[in-house]
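Each chain gets a letter, A, B and so on, in the order the sequences are listed, and its residues count up from 1. These numbers come from the heavy atoms of this one structure, side chains and all, not from hydrogens, waters or symmetry mates. These figures come from a predicted structure and were not determined experimentally.
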2 protein chains.
Amino acid sequence: MPGSSKLKHRSGCPVSKSLEIVGDRWSLLIIRDMMIRGVRNFKDFQQSGEGIASNILADRLRKLQEAGVITSEAGETDGRKVNYRLTQKGIDLAPALLELLIWGAHHDDGGPPPAVIRTMMKQREAILAEVRRRWRNRDTTPLQSKTGEWHLPG
Amino acid sequence: MPGSSKLKHRSGCPVSKSLEIVGDRWSLLIIRDMMIRGVRNFKDFQQSGEGIASNILADRLRKLQEAGVITSEAGETDGRKVNYRLTQKGIDLAPALLELLIWGAHHDDGGPPPAVIRTMMKQREAILAEVRRRWRNRDTTPLQSKTGEWHLPG
DNA sequence: CCGGATCCGTTTCGATACTG
DNA sequence: CAGTATCGAAACGGATCCGG
């Protein structure tokens with residue numbers, strides 16, 4: 001419908017397009033895996049997320065691209081592989097995602113001990129800086145292995 | 001049947017119970033309305049969220065209670081009315097929610113102009129302090145009316 | 001092998017109507 | 001006002017198949 005500014009997401013949901021990404025279980029996990037664990041490939045997402053169906057995963061990856069949060073490019077060494085990467089918009093989600101993870105860790109049953117949580121909160125800025133640095137340098141190794149002390153939860 | 005609490009999330013979703021709240025379009029909007037706009041009653045949620053179905057709203061309010069994010073209590077003046085309020089766990093979501101709103105405002109088409117966004121980011125701590133203060137004092141007037149300058153997006 | 005697409009039974013959503 | 005009941009539509013998830 002050209003000229004119509006009503007995208008009509010699903011039915012009457014008033015949430016903005018960007019926030020739709022967040023309001024989805026899998027999308028948030030995908031972004032977390034990319035940002036924290038450095039996951040890039042289709043298969044790694046399947047194993048990392050602990051059982052997302054391939055059709056759902058493909059659907060979410062496509063929607064995340066449409067939303068401008070990630071991009072996909074053919075692997076340079078292996079033509080078969082596809083590398084997914086966060087865009088600037090995706091990286092900008094880091095502060096919110098980190099707050100979310102801290103909140104979950106703090107309030108979840110069986111979460112990490114309070115000392116670890118306090119460490120996470122203190123290192124908040126350091127973690128964000130590291131995420132941004134990695135993005136600039138295209139470094140995709142998991143965050144945890146860098147210091148061994150961050151214990152980012154999921 | 002609604003009312004039977006099956007613990008089995010949906011199928012194999014690995015996300016923690018707390019993060020399930022966030023991975024839902026409506027739950028996030030409900031919390032936002034409570035925190036930013038001071039919404040407390042069933043009917044206000046229906047109008048505020050711009051068209052959430054009553055059965056969905058009831059379901060989400062119940063799940064948020066089960067998750068310990070909100071509580072419900074019968075209205076003191078009017079027995080029919082039910083007042084929903086954020087718990088401490090719910091209030092603790094404020095930093096994450098605010099980051100999310102800033103992110104959405106920044107990256108959404110037709111969002112507020114950059115100057116407003118920069119103001120939001122600068123006032124981040126002030127907004128959080130105000131949310132906490134209101135929660136302590138059971139003040140439920142909308143946040144915007146306080147200063148008229150925060151322009152919190154949705 | 002990798003990154004999907006297709007088929008299909010099951011679950012959940014959502015609009016409307018209705019009730020205490 | 002604060003929810004249920006109902007029912008069609010959509011999304012989900014598992015399994016399997018396909019192109020490169």
Whole angstrom value for the distance that separates P of dG3(D) from CG of Asp78(B): 13 Å
Looking at residues at least two apart in the chain, or sitting in another chain, which of them share a side chain to side chain donor-acceptor pair (under 3.5 Å) with Lys63(A)? Asp59(A)
For Tyr84(B), answer base if it contacts any base atom (sugar-phosphate contacts may also be present), sugar-phosphate if it contacts only those atoms, and nothing otherwise; contact means non-hydrogen atoms under 4.0 Å. sugar-phosphate
Among dC13(C), dG3(D), dC12(D), the one nearest Asp24(A) by side-chain distance: dC12(D)
Between Glu99(B) and Arg124(A), is there a salt bridge with N-O shorter than 4.0 Å? yes
Presence of Lys43(A) side-chain N/O under 4.0 Å of dC2(C) phosphate oxygens OP1/OP2: yes
What I want to check is whether an N or O donor and acceptor connect the side chain of Asn55(A) with the base of dG14(D) at under 3.5 Å. yes
Which one, dG14(C), dG3(D), dC12(D), comes nearest to the side chain of Ile56(B)? dG14(C)
Within less than 4.0 Å of OP1 or OP2 of dT12(C), is there a side-chain N or O belonging to Arg25(A)? no
Let me spell it out: for each of Lys63(A) and Arg80(A), pick the nucleotide of DNA chain D with the closest heavy atom. Which residue's pick is nearer the 5' end? Lys63(A)
Donor-acceptor contact below 3.5 Å, side chain Trp103(A) vs main chain Gly90(B): no
Mind calculating the distance between CG (Asn83(B)) and P (dC1(D)) to the nearest angstrom? 13 Å
Touch check for Ala53(B), heavy atoms < 4.0 angstrom, all strands: base, sugar-phosphate only, or nothing? base
In this structure, how many angstroms lie between the P atom of dG14(C) and the CG atom of Leu29(B), rounded? 11 Å
In whole angstrom, what separates Leu57(A)'s CG from dC12(D)'s P? 13 Å
From dG14(C), dG13(D), dC12(D), nucleotide with atom closest to Trp26(B) side chain: dG14(C)
Please state how far atom CD1 in Ile52(A) lies from atom C1' in dA5(C), giving the value in whole angstrom units. 15 Å
So does Ser54(B) reach the base of dA15(C) with its side chain, donor to acceptor, closer than 3.5 Å? no
Between Glu20(A) and Arg25(B), is there a salt bridge with N-O shorter than 4.0 Å? no
Quick one: ring-ring contact (aromatic ring centres under 6.0 Å, His included) partners of Trp135(B), sequence neighbours excluded? none
Find the distance Asp59(B):CG to dT6(D):C1' and express it as a whole number of Å. 16 Å
The side chain of Phe42(A) is closest to which nucleotide in this list: dG14(C), dG3(C), dC12(D)? dG3(C)
Looking at dG3(C), does its base get a donor-acceptor pair with the side chain of Asn41(A) below 3.5 Å? no
Looking at dC13(C), dA2(D), dC2(C), which one has an atom nearest to any side-chain atom of Val82(B)? dA2(D)
Contact between Pro95(A) and Leu128(A) at the side-chain level, heavy atoms closer than 4.5 Å - yes or no? yes
Taking atom C1' of dA5(C) as reference, at what distance in whole Å does atom CD of Gln46(A) sit? 13 Å
Here the distance between atom P of dA2(D) and atom CG of Leu61(B), to the nearest Å, is 10 Å
